[in-house]
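Bear in mind the structure is a predicted one, so any value in this text is a computation, not a measurement. These numbers come from the heavy atoms of this one structure, side chains and all, not from hydrogens, waters or symmetry mates.
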Number of protein chains: 2
Amino acid sequence: MRTLTAELKHLPLFAGMTEEEIARQADALRGFRSREEKGNILIREGEKTERCGILLEGTLQGHRVDEDGVLSVVSTLSAGMMFGEILIFSDQPSPVTLTALTDCRILWLGPIDLQRTDARLIRNLLALIGSEYWALHQKIRYCSIVSLRKRILTFLKDHEATPKDPFSVPFDRNGMAAYLNADRSALSRELSRMRGEGLIDYHKNRFRLL
Amino acid sequence: MRTLTAELKHLPLFAGMTEEEIARQADALRGFRSREEKGNILIREGEKTERCGILLEGTLQGHRVDEDGVLSVVSTLSAGMMFGEILIFSDQPSPVTLTALTDCRILWLGPIDLQRTDARLIRNLLALIGSEYWALHQKIRYCSIVSLRKRILTFLKDHEATPKDPFSVPFDRNGMAAYLNADRSALSRELSRMRGEGLIDYHKNRFRLL
DNA sequence: CTCATTTCGTTGCCAAGGCAACAGATTTTT
DNA sequence: AAAAATCTGTTGCCTTGGCAACGAAATGAG
């Protein structure tokens, strides 16, 4: 673990720390790497965990399936993002199931001994928690919009980097529908209506607001 | 501030700490008390803050109003709960507006210097963040249930302390509707249907599952 | 290349529930 | 206590969008 800190120094968790500090902290944090195949489940809904992780490579998805089998996608994680870091300090079970959407490389951390942890790292950790908290609020924002059209538009606007330019969303139709709590066919229908009215243009997961 | 630690030692944030430690930490945390009248806004959506707080007495509500004036209630806080503790370590703006639903007493804390903060207190803080995170996931769980009836039932089950016993929910009809993302009249209609079918019984904000 | 599998679009049907409007009940104000 | 304001229930109307079913397109496997 004390090797390969080069890959770690660009991670938000280690921001502002020297390689030496990182190596020492990663040691104290009991870090180790693993590979996960597409489809693997990293954390199951309802389970507790004492480890959190950083996604070094690949894509993860946090989701939940209700009694009727309806899939609800809560989050999508891309490289550099962290997961489980909120769980390990409370004894709450995981609210979602975390699955590898592609082959992944993970850096696992924990259990974390706060006494031995750098204040700088704790600050970074808290900032990361803030981001995740924010993402969750976004999801709630979408959920609480009644009209599907407005829900879609809000979602798209939030993903638009610069006005009028095309952009990608990190979902296929199914995923997008599950994230927006909508029926896939209803989503398709509404999207093509919106294209018909000249509001948007799109192809696959690339969109453009007009 | 170094007085009146008696009231603080039962707060989750100070769990497991001696009065002496609490007094020292509360000092380091720049704590001070304030009173807020019913209707006061403590934090406004979109604003950043470097202070967080603990609700010593009263009730707070976190909510958001969309462009069309639709109210969405995100959380309700009762005495002992904390707010804003996630915000102060990230530079995210507040995702909700926090309003006093009744007259309140608040203990304000921050800005927090992590270097000078007890590890025990940080652990407590992280545990509290975990609870809030969990509550947010609950809200998402409700949101993502399509059928209003199931949404109501899930919500009620989560508030039922012991099976078959009556229990209160911390909302009036309007609040409950806003929290469940439903129309108030639709909620009333569904509730009386459910009563008609012998599923539940209720009066005002007291319910019973049958 | 062919067959299989997954993904995406389309459309008809229909029920859930949003919306508006009103009435009774309850609470607060004066 | 009277009046005002707020809260809750009820009901009719009608749109939104869930559901199912199917075909086309795209992707992948053998």
Kindly say whether, by distance alone, the side chain of B/Arg189 makes a donor-acceptor pair under 3.5 Å with the base of C/dG18?
yes
Would you state whether a donor and an acceptor, one from the side chain of A/Arg195 and one from the base of C/dG9, lie under 3.5 Å apart?
no
What integer distance in Å separates B/Lys150:NZ from C/dA16:P?
11 Å
Distance test, side-chain N/O of B/Lys204 to OP1/OP2 of C/dT27, below 4.0 Å:
yes
Counting side-chain heavy atoms from CB outward, which of C/dT10, D/dT11, C/dG17 is closest to A/Ser185?
C/dT10
Quickly work out the A/Leu187 CG to D/dG17 P distance and round it to whole Å.
11 Å
Record whether the side chain of B/Ser147 comes under 3.5 Å of the base of C/dA16 through a donor-acceptor pair of N or O atoms.
no
Taking any heavy-atom pair under 4.0 Å as a contact, classify B/Ser192: base, sugar-phosphate, or nothing.
sugar-phosphate
Any side-chain heavy-atom pair from B/Phe32 and B/Arg51 closer than 4.5 angstrom?
yes
Whole angstrom value for the distance that separates P of C/dT11 from CG of A/Asp183
16 Å
Rounded to whole angstrom units, what separation is found between the CZ atom of B/Arg149 and the C1' atom of D/dG18?
17 Å
More than 12 heavy atoms of other groups within 6.0 Å of A/Glu37 CD:
no
Under 3.5 Å, is there any donor-acceptor pair linking the side chain of A/Arg184 to the base of D/dG18?
no
Geometric class of the A/Tyr133/A/His137 ring pair [parallel <30°, tilted 30-60°, perpendicular >60°]:
perpendicular
In whole Å, what is the span from the CG atom of A/Leu148 to the P atom of D/dC19?
13 Å
Give a yes or no on whether the backbone of A/Lys150 and the side-chain of A/Ser147 come within a donor-acceptor separation of less than 3.5 Å.
yes
Closer to the 5' end of DNA chain D via nearest nucleotide, is it A/Val146 or B/Arg173?
B/Arg173
Rounded to whole Å, CZ of B/Arg193 lies from P of C/dG17 at a distance of 8 Å
Side-chain (B/Ser94) to main-chain (B/Val96) donor-acceptor, under 3.5 angstrom
yes
Mind calculating the distance between NE2 (B/His203) and C1' (C/dT27) to the nearest angstrom?
13 Å
Mind checking if A/Asp172 touches a base, just sugar-phosphate, or nothing, with heavy atoms under 4.0 Å?
sugar-phosphate
Atom CE of B/Met176 to atom C1' of D/dT6: distance rounded to whole Å?
19 Å
